[in-house]
**Student:** 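Structure in structure tokens, see below.
No experiment lies behind these values; they were computed from the predicted model shown.
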Amino acid sequence: MKKSYIFISLVVFLSIVYSCSTRKDSMVNRNFHALTTKFNVLFNGEQAFNKGLKNIEDNYVDDFWKRLPLEPIDFDERSIGAIKFDSPGGGFDDDSKGKESKSGTPFDKAEDKAVKAIQKHSMNIRGYEKNRQIDDAYLLLGKSRYYTQRFIPAIEAFNYIIANYPKANLIYDTKVWRAKSNIRLENEKLAIESLKLLIELDKNEKNLTNVQRQSAYTALAMAYEKTDTIQSVIENLKKSTTFVNNSQTARNNFVLGQIYSELKRKDSARMIFRRLANNRKTPEKYRIHANVELVKNRSKDSSNLYLIQKIKKLARNSDYRKYSNELYYQLGVLEEDRDSTNRAEKYYLKSLEAKKNTNYQKTYTYEKLGNIYFNKQEYLLAGSFYDSVMDATTEDFATEKRIRRVKRKNKGLKKLRDFEFTVKNADSILKLTKMSKEERTAYFSEYIKELKEKDETSRQRLLNSENFGSQFGGGTSFNNNSGKWYFYNAQSKGFGQVSFRKIWGNRALDDNWRWSDKTKTNEEEEETEIEVEKTESKYEVETYLSTIPSDPKIINELITERNEALYQLGLIYKEQFKNPELAIHNLERLLKVNEKEELVLPINYHLYQSYQAINKIPEAEEKKNFILKKYPKSQFAQIIERPNTKLNIETEVSEVDKKYKEIYRMYKFNMNEEAVNQIDNLGSSIENSKLIAKFALLRAMALGKYKSKEEYKEALEFVALKYANRIEGQKANEIIKLLK
């Protein structure tokens, strides 16, 4: 009996050894290696591959502000070609044979498993592969390399299948994957030819499944997208959506709708997005964003009430909370279309308050709020929102035309804010300088009273919070913790620390901690005294009275700065923001306090134009008559008298240009006195030239090279005032500030 057992065991052992051979073409060998490949090595490889796909799906974030890619994955185009390429059989016969590399990603692990399957279980006998699972291993190998951005080795793996397994059931999938790899390598023409051939052959053989047809047409659309053949992209996307209803179908439809929107084919876009929005089987992200796209592609003559109700319903649904930033933004857009600005503002603020938000979305919302306040003529508040746009802007989209436009707009608002602050600050100080000592004392006494009340309220709030903390951090805390150790309760511990610091201050962790070092105590006392002094000083009237300037020179400088700011505000409101009312407000005020004779003419001329803009004819006539009577020979008077005629237009433009270039050359070669003399000699011949401001600035710059600082500054001030609304005037103003 014992001999029989040994004999049977030996036979079984030899059978297993015999079947393990990859050189014996028998049914046992073929089935053994096929089953081992499929249910062991390949199974683990496919599990790793699926895990990699899941990671991509979970981590990839679609940017619905732009056209979606047909394949949701990011490839670094710059790294293509910089990777070591391996052939399908590379590494099979090296020293690492039979060993798995330490994989960096699930796709690397899947590739390792595919290589292992080919190394250990391939049965290539007399040029024919007998293991029916090896073609699956090569496909897994190619797909894994595709997702690790190694497209040339991937193509070689796919080519191996096509060459050696022409009748395999996965041959069509392989051809599509090869075409996609060629697209990534910018071999679009080759990909298009191979895919067209695949589809044409299918018309005769009818072997492609619906999923394979969808994949082929999607890949064709990807190829045509690379070549910017937009009509072919549309045709292939439309075909790809007719076979099956899956996630790729929804994505293709969404991209198709986006393309229609880009081409201004709003009706077609609305039809696509409406179909996606109303289909419950559409994946959530496409369904929600289809509703958003319906808002973007709304018709101008629609009431928008239906869309408002629909978006509101989605925004109230807690399941869609992660989309609330976009939904509330679109509600704001719809309400703004209906001139419900207050409602729109509320929705924009709700969009900003959403927990899940992106910087890109925020830039749109901040811009909308900025535009609302800009249109309300609340320019300072508008500027703060435009500042927020710039703060939320990242390098990824900083060069967009929209961001550049906001930046330019905000630049003007920044100047406006600076000038408004200068006027407000100067006015408040000048107001105090005109008060008597008793009036100043009364004013600051009232201010200190309000300050004390405010500080007392803040102190009481802090004390209440500390008392609340001591209830948790005091001696009864152990009882309140229901048997749990005090220091295990983070909240109790935190409140206890507050209470300790309140009584003992900051103490080092050492013996006799209640006793502080004498030196340390002195230092702490000194610091405390300084803090007390600072605190007490803000409650003393003398602290504020001592800051009021009394030097006439300082007061005159404040007046000059304020007047310059008023003039610049008038020009900005008039020229840049087209707001004649605010321009008039600032210029009329300046006219009352102005002390510079050279400003009288330009102020009255700008007021004349501003009154004309708002059809205040009597006021405009008053300014006109003043200019014609007091400054009849000025350029402004000529413009008023002959508004539809070009001024004594220039001598030959080419001659003036030549003269300017000649004098500028003198300036560059430090022939500054000659340059100034040349400009002075030109006199009235350039008075009506378009280059007059350039000549004036060039003269000032040349004077600065050999005259005193005061003369240089005076020449620049002339340019800054006379040509304040031109680039040359602004440049002169910047130089003056630098000189100061």
**Student:** Step through it carefully: locate the ring centre of Tyr328, locate the ring centre of Tyr348, and say whether they are under 6.0 Å apart.
**Tutor:**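 That pair fails the under 6.0 Å test.
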**Student:** Answer yes or no: is there a side-chain heavy-atom contact under 4.5 Å between Lys411 and Arg408?
**Tutor:**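 No, too far: nothing below the 4.5 Å cut-off.
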**Student:** Would you check if Tyr323 and His289 make a side-chain contact, meaning some heavy-atom pair closer than 4.5 Å?
**Tutor:**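 Yes, side chains in contact.
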**Student:** Is any NZ, NE, NH1 or NH2 atom of the basic residue among Lys407 and Asp387 found under 4.0 Å from an Asp or Glu carboxylate oxygen of the other?
**Tutor:**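 No.
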**Student:** Output yes when a side-chain donor or acceptor of Arg699 lies under 3.5 Å from a complementary backbone atom of Ala696, and no otherwise.
**Tutor:**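 No; zero donor-acceptor contacts below 3.5 Å.
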**Student:** Quick one: does Thr341's side chain get under 4.5 Å of Asn375's, heavy atoms only?
**Tutor:**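 With C-beta onward as the side chain, the pair stays apart.
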**Student:** Okay, side chain of Asn359, backbone of Thr394: is any donor-acceptor separation there less than 3.5 Å?
**Tutor:**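 Judged by distance alone, no pair lies under 3.5 Å.
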**Student:** Between Thr422 and Glu561, which heavy-atom pair has the shortest distance, and what is it?
**Tutor:**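 Scanning both residues, the minimum pair turns out to be CG2-O, 3.9 Å.
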**Student:** Classify the side-chain pair Asn579/Gln377 by whether it contains a donor and acceptor separated by less than 3.5 Å.
**Tutor:**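 Checked: Asn579/Gln377 side chains pair up, N/O donor to acceptor below 3.5 Å.
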**Student:** When rounded to the nearest 0.5 angstrom, what is the spacing between NE2 in His606 and CD in Glu575?
**Tutor:**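 Interatomic distance, His606 NE2 to Glu575 CD, rounded to 0.5 Å: 6.5 Å.
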**Student:** Closer than 3.5 angstrom, by distance alone: can the side chain of Tyr366 be matched with the main-chain N or O of Ser384 as a donor-acceptor pair?
**Tutor:**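 Not confirmed, Tyr366 side chain does not pair with Ser384 backbone.
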**Student:** Between Tyr360 and Phe397, does the ring centroid distance fall short of 6.0 Å?
**Tutor:**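 Between Tyr360 and Phe397, the centre distance is under 6.0 Å.
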**Student:** Under the criterion side chain to side chain contact (heavy atoms under 4.5 Å, CB included), I'd like the reasoning laid out for Glu622 against Tyr611: C-alpha separation, chi angles, the key distance, then a yes or no.
**Tutor:** CA-CA 10 Å; Glu622 181 188 340; Tyr611 280 125; over 6 Å; no
**Student:** Are there more than 12 heavy atoms of other residues, nucleotides or ligands under 6.0 Å from atom NZ of Lys596?
**Tutor:**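 Enclosed: over 12 neighbouring heavy atoms sit under 6.0 Å from NZ of Lys596.
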**Student:** With side-chain hydrogen bond (donor to acceptor under 3.5 Å, both in side chains) as the test, would you mind laying out the steps for Tyr608 and Gln612 before giving the verdict?
**Tutor:** CA-CA 6 Å; Tyr608 162 71; Gln612 269 197 326; 3.1 Å; yes
**Student:** For Arg589 and Asp427, what are the C-alpha separation, side-chain angles and deciding distance, and is it a salt bridge (charged side-chain N to carboxylate O under 4.0 Å, His left out)?
**Tutor:** CA-CA 12 Å; Arg589 186 184 168 198; Asp427 281 344; 2.7 Å; yes
**Student:** So that I can tick it off, tell me whether Glu588 and Lys623 are bridged by a salt bridge, with the cut-off set at under 4.0 angstrom between side-chain N and carboxylate O.
**Tutor:**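 Yes, this pair counts.
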**Student:** Assess whether a salt bridge exists between Asp455 and Lys538, defined as any Lys/Arg side-chain N lying under 4.0 Å from an Asp/Glu carboxylate O.
**Tutor:**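 Lys538 and Asp455: salt-bridged.
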**Student:** Which heavy atom in Val541 sits nearest to a heavy atom in Ile448, and how many Å separate them?
**Tutor:**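 Distance-wise, the nearest heavy atoms are N-CD1, 3.6 Å.
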**Student:** Salt bridge or not between Glu619 and Lys624? Use side-chain N to carboxylate O under 4.0 Å.
**Tutor:**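 The answer is no: the pair does not qualify as a salt bridge.
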**Student:** Side chain to side chain contact (heavy atoms under 4.5 Å, CB included) with Thr547: which residues, sequence neighbours excluded?
**Tutor:**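 Result, side chain to side chain contact (heavy atoms under 4.5 Å, CB included) vs Thr547: none returned.
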**Student:** Say whether, by atom type as modelled, one donor and one acceptor occur between the side chain of Glu728 and the main chain of Tyr723 under 3.5 angstrom.
**Tutor:**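 No; judged by distance alone, with no hydrogens or angles, the pair does not exist.
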**Student:** What closest approach, in Å, do Ile614 and Pro580 show between heavy atoms, and which atom pair accounts for it?
**Tutor:**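 Heavy-atom minimum between the residues: CG2-CG, 3.4 Å.
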**Student:** Heavy atoms, side chains only, cut-off 4.5 Å: are Glu336 and Ile372 in contact?
**Tutor:**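 The answer is yes; the side chains approach within 4.5 Å.
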**Student:** If only side-chain N and O atoms count, and only distance matters, is there a donor-acceptor pair under 3.5 Å linking Ser261 with Asn297?
**Tutor:**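 Note: Asn297 and Ser261 side chains meet the donor-acceptor criterion.
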**Student:** Does atom CZ of Phe577 have more than 12 heavy-atom neighbours, drawn from other residues, nucleotides or ligands, at distances under 6.0 Å?
**Tutor:**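 Yes, the 6.0 Å shell around CZ holds more than 12 heavy atoms from other groups.
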**Student:** About how many Å separate CD of Glu326 and OH of Tyr329, when rounded to the nearest 0.5 Å?
**Tutor:**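 It comes to 11.0 Å.
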**Student:** Mind running side chain to side chain contact (heavy atoms under 4.5 Å, CB included) on Arg405 and Glu367 for me, showing each step along the way?
**Tutor:** CA-CA 10 Å; Arg405 183 180 65 243; Glu367 184 184 359; 3.0 Å; yes
**Student:** One thing to verify: whether Glu293 and Lys296 come together as a salt bridge, which I'm taking to mean a side-chain N less than 4.0 angstrom from a carboxylate O.
**Tutor:**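 A salt bridge links Lys296 with Glu293.
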**Student:** Centres of the Tyr573 and His585 rings: under 6.0 Å?
**Tutor:**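 That pair fails the under 6.0 Å test.
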**Student:** Arg440 side chain to Leu432 main-chain N or O, any donor-acceptor pair under 3.5 Å?
**Tutor:**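 Answer holds: yes.
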**Student:** Any non-hydrogen side-chain atom of Met666 less than 4.5 Å from a side-chain atom of Glu662?
**Tutor:**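 SC-SC contact between Met666 and Glu662 confirmed.
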**Student:** Please tell me if the side chains of Leu601 and Lys630 come closer than 4.5 Å, counting only heavy atoms from C-beta onward.
**Tutor:**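 A side-chain contact under 4.5 Å is absent here.
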**Student:** Rounded to the nearest 0.5 Å, what's the gap from NZ on Lys355 to OG on Ser324? Could you check?
**Tutor:**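 Reported to 0.5 Å precision, the distance equals 10.0 Å.
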**Student:** Does NZ or CZ of Lys409 lie under 6.0 Å from the centre of the six-membered ring of Phe374, at an angle within 45° of the ring axis?
**Tutor:**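 Judged by the rule (NZ or CZ under 6.0 Å from the ring centre, within 45° of its axis), Lys409 counts as positioned above Phe374.
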**Student:** Any donor-acceptor pair under 3.5 Å linking the side-chain atoms of Ser708 with those of Glu711?
**Tutor:**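 Result is yes, a qualifying pair exists.
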**Student:** Evaluate the side-chain proximity of Tyr605 to Ile639: yes if any heavy-atom separation is below 4.5 Å, no if none is.
**Tutor:**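 When only atoms from C-beta onward are counted, Tyr605 and Ile639 do touch, with a gap below 4.5 Å.
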**Student:** Considering only heavy atoms from C-beta outward, does the side chain of Gln361 approach that of Trp65 to under 4.5 Å?
**Tutor:**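 They are in side-chain contact.
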**Student:** Please find the pair of heavy atoms, one from Asn594 and one from Val600, that lie closest to each other, and give the distance.
**Tutor:**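 Reported closest heavy-atom pair: ND2-CG2, 3.7 Å.
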**Student:** Can you name the nearest heavy-atom pair linking Leu587 to Gly570, along with the distance?
**Tutor:**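 Heavy-atom minimum between the residues: CG-CA, 4.0 Å.
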**Student:** Judged by modelled atom types alone, do Gln568 and Lys415 share a side-chain donor-acceptor pair under 3.5 Å?
**Tutor:**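 No - no donor-acceptor pair under 3.5 Å links their side chains.
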**Student:** Using a 6.0 Å distance limit plus a 45 degree cone around the ring axis, check whether Arg402 lies over the aromatic ring of Tyr364.
**Tutor:**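 Yes.
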**Student:** Under the criterion ring pair (Phe, Tyr, Trp, His ring centres under 6.0 Å), I'd like the reasoning laid out for Tyr631 against Phe636: C-alpha separation, chi angles, the key distance, then a yes or no.
**Tutor:** CA-CA 8 Å; Tyr631 304 96; Phe636 294 123; 9.0 Å; no
**Student:** Is it the case that more than 12 heavy atoms not belonging to Lys376 sit under 6.0 Å from its NZ atom?
**Tutor:**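 It does: Lys376 NZ has more than 12 such atoms within range.
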**Student:** Taking OH in Tyr664 as the centre, count heavy atoms belonging to other residues, nucleotides or ligands within less than 6.0 Å. Is the count above 12?
**Tutor:**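 At most 12 heavy atoms, drawn from other residues, nucleotides or ligands, come within 6.0 Å of this atom.
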**Student:** Atom CG in Leu628, atom CD in Gln638: separation rounded to 0.5 Å?
**Tutor:**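 Between Leu628 CG and Gln638 CD, I get 11.0 Å after rounding to 0.5 Å.
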**Student:** Taking Asn586 for its side chain and Leu582 for its backbone only, find out whether a donor-acceptor pair lies under 3.5 Å.
**Tutor:**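 The answer is yes, because a donor-acceptor pair under 3.5 Å joins these two groups.
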**Student:** Between the side chain of Ser445 and the main-chain N/O of Thr441, is any donor-acceptor distance below 3.5 Å?
**Tutor:**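 Indeed, once roles are kept as given, a pair shorter than 3.5 Å links the two residues.
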**Student:** Any ion pair linking Arg338 and Glu335 (charged N to carboxylate O, less than 4.0 Å)?
**Tutor:**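 The answer is yes: the pair qualifies as a salt bridge.
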**Student:** Does any donor atom in the side chain of Asn371 or Tyr386 lie under 3.5 Å from an acceptor atom in the other side chain?
**Tutor:**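 Side-chain D/A pair, Asn371 to Tyr386: present.
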**Student:** Kindly give the heavy-atom pair with the smallest separation between Thr393 and Ala398, and that separation in Å.
**Tutor:**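 Heavy atoms only, the tightest pair is CG2-CA, 3.6 Å.
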**Student:** Tell me whether Asn410 contacts the main-chain N or O of Val406 through its side chain, where contact means a donor paired with an acceptor under 3.5 Å.
**Tutor:**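 No, because the side chain of Asn410 does not come within donor-acceptor range (under 3.5 Å) of the backbone of Val406.
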**Student:** How long is the span from the CG atom in Leu349 to the NZ atom in Lys368, to the nearest 0.5 Å?
**Tutor:**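 Rounded to the nearest 0.5 Å, the CG-NZ separation comes to 14.5 Å.
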**Student:** When you measure from the side chain of Asn733 to the backbone N and O of Gly729, does any donor-acceptor pair fall under 3.5 Å?
**Tutor:**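 Side chain of Asn733 to backbone of Gly729, a donor-acceptor pair under 3.5 Å: no, none is there.
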**Student:** Please say whether more than 12 non-hydrogen atoms of neighbouring residues, nucleotides or ligands are located less than 6.0 Å from CD in Glu581.
**Tutor:**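 Yes - once you tally the heavy atoms of other residues, nucleotides and ligands closer than 6.0 Å, there are more than 12.
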**Student:** Around atom CZ of Phe421, are there more than 12 heavy atoms from other residues, nucleotides or ligands closer than 6.0 Å?
**Tutor:**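 Not buried by this count: 12 neighbours or fewer within 6.0 Å.
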**Student:** Drop me the distance from Lys346's NZ to Ser340's OG, to the nearest 0.5 angstrom.
**Tutor:**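 One gets 10.5 Å once the value is rounded to the nearest 0.5 Å.
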